[in-house]
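Below: one structure, written as structure tokens.
Position 1 is the first residue of the sequence; numbering continues from there. Any value given below was found using the heavy atoms of this structure, including those in side chains, with hydrogens, waters and symmetry copies removed.
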Amino acid sequence: MIKVFLILLLSFKTLATQGIIRVHEAPVVSEPNASGRILMRIRKGDSVYLHPNYLNNENYYVTLTRDGRKAYIRKDFIKLVLNNDSEEIGNTIYVKNDPTDYVIDEPIPDEYPLKGHPTNRAQVDLIFKQGPTSRYGYTSQVERESNGFEGSLNIKYLRPASFDDENRLYFGFYGGISTGQSEYQLNGDIFTKESSSIFTLGPVVSYTFHKRQYFEIESMLQVGVNYQRRFISQDDQTNSIAEEKLFSGMMFNIRLAVNLSHKRAFSSKHTYFYHGPVIDIKLPSTLDSDAQFTHGQLWPSPSVSTELEGTFGYNVGITYRY
């Protein structure tokens, strides 16, 4: 049996055409198409014998594997040896953009072969929540009120904790701006409007307590130092008087959020889309004015005192990891 195989192999080589592998590692496959099973690989510069009856096939040459099985190899991976004076083999046989070459270009990166995942996070989000319930201490009784909604834009920067090997705990800081408006109708046909702007800056801490292939769930705590400007306008239609005043001051808030983060948003491995509920707790504070009122009967106090209050909201945002 061995003798028969040797005779067949020698006969094939005698009749075969010789070729030289042009690519780094040419696959020899079981079928003449891309779905063929890889039977072996031949390295660049090695000789391979091709069946002369199949040289005109469209994309593949026919050859034999080491154990004598019929196999196929892509034409563009081989340089035929014509054995005539016009043939120049040299370096011209090699493919410039080799699809089989997996060798890393030099110089090799410092982090090779291990490359860590992106660690730093930049986030931007929008929060929509119920407007504040605290208001100025009007003299007249409030008959109707509309608190509306408060919206805020926030930007965050976070880095992982150096002592957390699981890459779950992050620290950073954030800044944001919030706006809201409330309207009231007082007894005696007095209509008032309170418009506020809040500028916030403070630390933030995040902990990812649930990780899966396509999503993560994280909890986030933010403590903000706020500067608030509240414009209050009153229109007494009965007495035909109106006035607007600015009240401002510092305040603190604590914000708790639970976010569901979807990985690979917008087909980017660095971009996450997240959303989740938010609880915003504002600590008691006082907003003061310059106390120079044109119509003193509308302003029983030169300040606005706010109590401890909590509001619920929802936030949506984008995380970029780098």
Side-chain angles (χ1 to χ4, degrees), residues 102-129 149-180 197-229 250-283 310-322:
Y102 52 82
V103 178
I104 298 176
D105 293 334
E106 295 186 358
I108 297 177
D110 293 336
E111 64 270 19
Y112 181 84
L114 300 177
K115 184 176 181 180
H117 295 288
T119 54
N120 298 336
R121 298 180 183 179
Q123 296 182 326
V124 58
D125 62 42
L126 293 172
I127 299 178
F128 303 93
K129 59 184 178 179
F149 286 91
E150 183 177 284
S152 65
L153 172 66
N154 303 276
I155 299 176
K156 308 183 186 81
Y157 170 76
L158 299 101
R159 291 179 61 90
S162 58
F163 53 84
D164 179 21
D165 295 333
E166 295 185 354
N167 200 35
R168 294 177 181 266
L169 184 63
Y170 280 73
F171 296 99
F173 60 88
Y174 80 104
I177 180 173
S178 303
T179 61
S197 298
I198 303 174
F199 303 90
T200 307
L201 186 66
V204 56
V205 58
S206 169
Y207 183 78
T208 303
F209 58 87
H210 190 74
K211 291 185 176 183
R212 285 297 181 265
Q213 182 178 359
Y214 298 107
F215 69 91
E216 295 179 354
I217 302 178
E218 66 173 355
S219 58
M220 185 171 289
L221 171 64
Q222 301 170 222
V223 179
V225 180
N226 306 274
Y227 173 68
Q228 181 175 6
R229 291 165 54 88
M250 304 296 295
M251 58 182 294
F252 295 89
N253 78 300
I254 300 172
R255 182 174 296 164
L256 303 171
V258 177
N259 296 322
L260 174 63
S261 295
H262 302 273
K263 298 181 179 180
R264 296 183 178 273
F266 312 110
S267 301
S268 171
K269 65 179 181 180
H270 298 285
T271 306
Y272 288 38
F273 169 74
Y274 68 89
H275 57 95
V278 174
I279 301 176
D280 204 4
I281 302 173
K282 294 181 180 179
L283 303 182
T311 55
F312 293 89
Y314 204 84
N315 80 127
V316 293
I318 298 293
T319 298
Y320 183 76
R321 304 191 177 193
Y322 62 97

Exam field: side chain N315 to backbone G276, donor-acceptor pair closer than 3.5 Å: yes
Distance-minimising heavy-atom pair for Y272 and S261: CD2-CB, 4.1 Å
Distance-minimising heavy-atom pair for T200 and G224: CG2-CA, 3.8 Å
CZ-OG1 distance between R229 and T179, expressed to the nearest 0.5 angstrom: 13.5 Å
Close side-chain approach of V225 and L201, heavy atoms under 4.5 Å: no
Test item: N259 and M220 side chains (from C-beta on) under 4.5 Å apart, heavy atoms: yes
side-chain contact (heavy atoms from CB on, under 4.5 Å) assessment of Y214 paired with R264: CA-CA 8 Å; Y214 298 107; R264 296 183 178 273; over 6 Å; no
Atom pair OG1 (T271) and NZ (K263), whose distance is rounded to the nearest 0.5 Å: 13.5 Å
Neighbour count >12 (heavy atoms, 6.0 Å) for atom CZ, F312: no
Minimum side-chain heavy-atom gap P203-F173 below 4.5 Å: no
Considering all heavy atoms, the nearest I127-R255 contact: CD1-NH1, 3.5 Å
Nearest-0.5 Å distance that lies between atom CG in L221 and atom CD1 in I279: 11.5 Å
Inter-residue atom distance E216.CD - L260.CG, 0.5 Å rounding: 10.0 Å
Neighbour count >12 (heavy atoms, 6.0 Å) for atom CZ, F199: yes
CG-CG distance between L169 and L158, expressed to the nearest 0.5 angstrom: 10.0 Å
Atom pair CG (D164) and OH (Y207), whose distance is rounded to the nearest 0.5 Å: 6.5 Å
Heavy-atom check, side chain of H270 versus side chain of Y322, under 4.5 Å: no
S178 and its side-chain contact (heavy atoms from CB on, under 4.5 Å) partner, picked from L153, I198, N253, N226: I198
Minimum side-chain heavy-atom gap S206-V204 below 4.5 Å: no
Plane angle bin for F273 and H262 - parallel if under 30°, tilted between 30 and 60°, otherwise perpendicular: parallel
Pair K156 + E218: basic N to acidic O under 4.0 Å: no
Exam field: side chain R159 to backbone N120, donor-acceptor pair closer than 3.5 Å: no
